[in-house]
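Convention: sequence-line order gives letters A, B, ...; per-chain numbering from 1. Just the heavy atoms: all of them, side chains too, but no hydrogens, waters or symmetry mates, feed the values below.
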Amino acid sequence: MSEVIIDNVCMAFNDVQAVKGVQLTIADGEFVVLLGPTGAGKTSTLRLVAGLEMPDSGRVLFDGEDVTHLDASLRDVTFVFQQYSLYPHYTVYENMSFPLKAPGRKMKTHDIKARVGEIAEMLRISHKLQNKATELSGGEMQRVSIGRALVRSPKVFLMDEPLSSLDAKLREDLRVELKRIQQDLGATILYVTHDQLEAMTLADRIGILEQGELVQVGQPQDVYEKPWNINAARRLGSPLINIFDSGALGINATTEQTRSIGLRPEDVVINRTAGSAATVMTVEHLGAESVVLLESDGQHIHSFMSQDMRVHEGDQVFVTGNLNKIIEFDQHGTAVANG
Amino acid sequence: MVDKPVMLKVGEATPRARTMAAALVILYALITMVPLVWIVATSFKSPGDSISYPPKVIYDPTLEGYVNLFTTRSRQTAEYIDGLGEPTSWADELVRKRNMVITGPSRFIGRFTNSLIIGFGSTFLAVFLGTLAAYGFSRFKVPFKDDLLFFILSTRMMPPIAVAIPIFLMYRKLGLSDTALGMILLYTAVNVSLAVWLLKGFVDEIPLEYEESARVDGYSRLQSFWKIVLPQMRSGIAATSIFCLIFAWNEYAFALLLTSGEAQTAPPFIPSIIGEGGLDWPAVAAGTTIFMLPIVFFTVLLRNQLLRGITFGAVRK
Ligand SMILES: Nc1ncnc2c1ncn2[C@@H]1O[C@H](COP(=O)(O)OP(=O)(O)OP(=O)(O)O)[C@@H](O)[C@H]1O
Ligand SMILES: [Mg+2]
């Protein structure tokens with residue numbers, strides 16, 4: 001495994017600036033997750049590291065070695081694509097052994113078989129090894145493409161939403177499995193997802209991409225608690241962070257620049273006695289927890305229902321905010337350092 | 001009686017529409033088959049039957065046409081033929097009945113072989129070049145790509161015979177007249193535009209991710225082309241090959257103009273088979289029948305690929 005440095009890389013497709021000066025160091029054995037809205041340049045960033053795109057400026061380094069102009073086939077990385085990548089004319093086994101049979105790797109057939117068998121077992125696709133790649137469900141296809149990446153131990157794993165079409169149970173199993181493998185192998189992974197739970201649980205560090213710019217990089221908890229701007233704040237957390245005007249919920253801005261205030265749902269407390277008056281709009285029961293949508297002073301606020309305080313649609317209640325947890329944003333949406 | 005309701009999948013035709021479509025296809029097939037069946041029937045007729053009026057549908061089949069196609073014969077007196085002793089083969093016997101003796105093989109086999117060499121040679125070249133060009137146009141940034149593609153297509157817009165005279169003169173100067181190489185080059189040049197356009201469509205349909213994935217997996221561009229792209233182009237290549245082969249196989253005008261001896265192909269040769277007192281229709285029909293066989297054979301052999309190929313993916317799953 002290797003340390004990967006993306007050094008001030010820019011890349012444009014004709015007139016679309018897909019990646020703008022991204023600067024990111026992924027330490028050897030680190031798991032970095034890229035989050036961002038669609039079109040933010042996540043896939044493009046992975047493709048730059050893989051060598052499938054050439055940057056217009058900037059460099060890519062593996063273990064200090066400049067690989068910016070090295071062909072993809074010589075970089076020794078693996079890539080799990082967002083879609084279509086199983087070779088349709090091959091069986092599952094042939095697909096998974098394909099990278100091991102690459103010229104230059106010279107692995108023995110016996111070893112290839114053993115390795116593919118082991119990974120297939122882990123991904124629970126052993127019984128499908130002889131199927132044609134086209135004769136699989138979407139989730140099975142995705143497992144095969146993950147398997148095809150895991151058979152090797154490359155310098156860096158690049159994964160573009162690898163778990164997106166799996167059911168919840170399998171996704172959770174694979175998430176745990178992936179984390180375990182990563183720790184066992186000490187694998188360096190750059191991973192793209194839209195799923196904030198995946199991001200929070202898998203990542204050593206999270207990078208937030210926005211219109212080609214890497215706006216924030218940090219440990220999941222830091223990004224969660226101290227987002228760099230409103231968009232970054234909205235990337236993590238479910239339901240979304242509450243954003244409201246200064247003065248609502250009795251919370252006032254503490255700085256000149258503050259234009260809006262963010263407060264995560266778990267920091268909004270519902271009670272019967274004190275605080276700002278609010279009406280319960282809806283209650284969503286999600287199993288372990290229930291999400292409550294409230295209206296107070298014409299602002300919509302999300303919160304969680306507590307064990308000892310059951311509320312129902314139409315109830316008149318009071319809410320208070322945890323003042324230690326508020327995040328203030330200026331007119332550009334950038335968080336104001338409240339120091 | 002009330003019709004049972006029928007469950008239909010999206011895009012599926014109703015039973016009545018299917019029956020009508022089938023009837024139309026069968027009717028069309030019958031109409032196109034009539035001349036072919038007539039040719040095959042004529043090839044088994046005697047010269048007399050072949051020109052009788054009204055045309056004969058029921059007749060005594062004979063292989064005379066085929067014998068005449070493959071041999072040259074000369075007319076002899078009855079006494080001379082009697083003096084020859086026993087006939088050496090059934091063909092000999094058939095010919096002697098008409099007061100003739102076989103004097104040697106005809107040039108048909110040679111001409112047919114020329115057709116095979118030129119047809120397959122030019123098809124292979126056109127498809128080979130077409131595949132590379134199509135891949136290049138589909139995958140690389142080529143300056144003036146659209147103009148080049150249009151230029152390639154435009155070579156197909158003019159009737160080839162319009163350039164017959166210049167090509168005739170050019171070939172004479174270059175010593176390519178009446179050579180198999182000359183004909184292969186000519187047919188390749190005509191077919192390559194079709195091949196590039198058809199095959200480009202097929203390459204365009206193959207998602208780029210396959211090759212990219214192969215390259216990341218450690219295969220060079222050429223290796224991933226060979227291992228990943230080419231196998232997926234199979235039906236496209238089959239369909240394109242058949243189209244090119246049919247053109248080269250049937251081409252008449254240039255063959256007539258540029259070949260007369262050594263390199264002559266079957267199309268100009270067949271109508272030149274003269275029997276006594278004019279064209280030997282059964283022999284011409286026999287030549288035509290044999291001439292059709294390779295195309296029929298390859299079309300049947302590749303029918304599945306072809307069906308997928310010419311519907312441009314519509315049948316693909
Ligand atoms: N091949 C291409 N040609 C032109 N523009 C492209 C190409 N690929 C991507 N883009 C553009 O570059 C920008 C970044 O695209 P990218 O695929 O990196 O987004 P993404 O973050 O992966 O989005 P998603 O979450 O939808 O996968 C987008 O504006 C996209 O339209
Ligand atoms: Mg993407």
What is the minimum heavy-atom distance between A/Val77 and B/Val216, and which atoms define it?
-> O-CG1, 3.1 Å
Considering all heavy atoms, the nearest A/Tyr87-B/Ser213 contact | OH-OG, 3.2 Å
Nearest heavy-atom contact between B/Lys227 and A/Tyr90 is O-OH, 3.5 Å
Using heavy atoms and a sub-4.5 Å threshold, report which of residues 63-73 of chain A line up against chain B, by residue number.
-> A/Asp71, A/Ala72, A/Ser73
ring-ring contact (aromatic ring centres under 6.0 Å, His included) with A/Phe81: which residues, sequence neighbours excluded?
-> A/Phe79
With sequence neighbours left out, write down each residue that passes side chain to side chain donor-acceptor pair (under 3.5 Å) with B/Gln223, or none if nothing qualifies.
-> B/Ser220
Which atoms of A/Leu86 approach chain B - backbone, side chain, both or neither, heavy atom under 4.5 Å | backbone
B/Phe140, CZ: over 12 other non-hydrogen atoms inside 6.0 angstrom | yes
Does a sphere of radius 6.0 Å around CZ in B/Arg234 hold more than 12 heavy atoms from other residues, nucleotides or ligands, not counting ones at 6.0 Å or beyond?
-> no
Side chains of A/Arg47 and B/Glu212: closer than 4.5 Å at any heavy-atom pair?
-> yes
Contact listing (chain B partner; residues 100-116 of chain A; heavy atom under 4.5 Å) | A/Lys101, A/Ala102, A/Pro103, A/Arg105
Should we say atom CD1 of B/Ile109 is surrounded by more than 12 heavy atoms from elsewhere, each under 6.0 Å from it?
-> no
Do the non-hydrogen side-chain atoms of A/Arg152 and B/Asp217 ever get within less than 4.5 Å of each other?
-> yes
Does a sphere of radius 6.0 Å around CD in A/Gln211 hold more than 12 heavy atoms from other residues, nucleotides or ligands, not counting ones at 6.0 Å or beyond?
-> no
Are there more than 12 heavy atoms of other residues, nucleotides or ligands under 6.0 Å from atom CZ of B/Phe144?
-> no
Near B/Leu293 CG, under 6.0 Å, is it more than 12 heavy atoms from other residues, nucleotides or ligands?
-> yes
Within 6.0 angstrom of B/Arg18 CZ, more than 12 heavy atoms from elsewhere = no
Do other residues, nucleotides or ligands put more than 12 heavy atoms under 6.0 Å from B/Met20 CE?
-> no
Is there a donor-acceptor pair closer than 3.5 Å between any side-chain N or O of A/His89 and the backbone N or O of B/Val229?
-> no
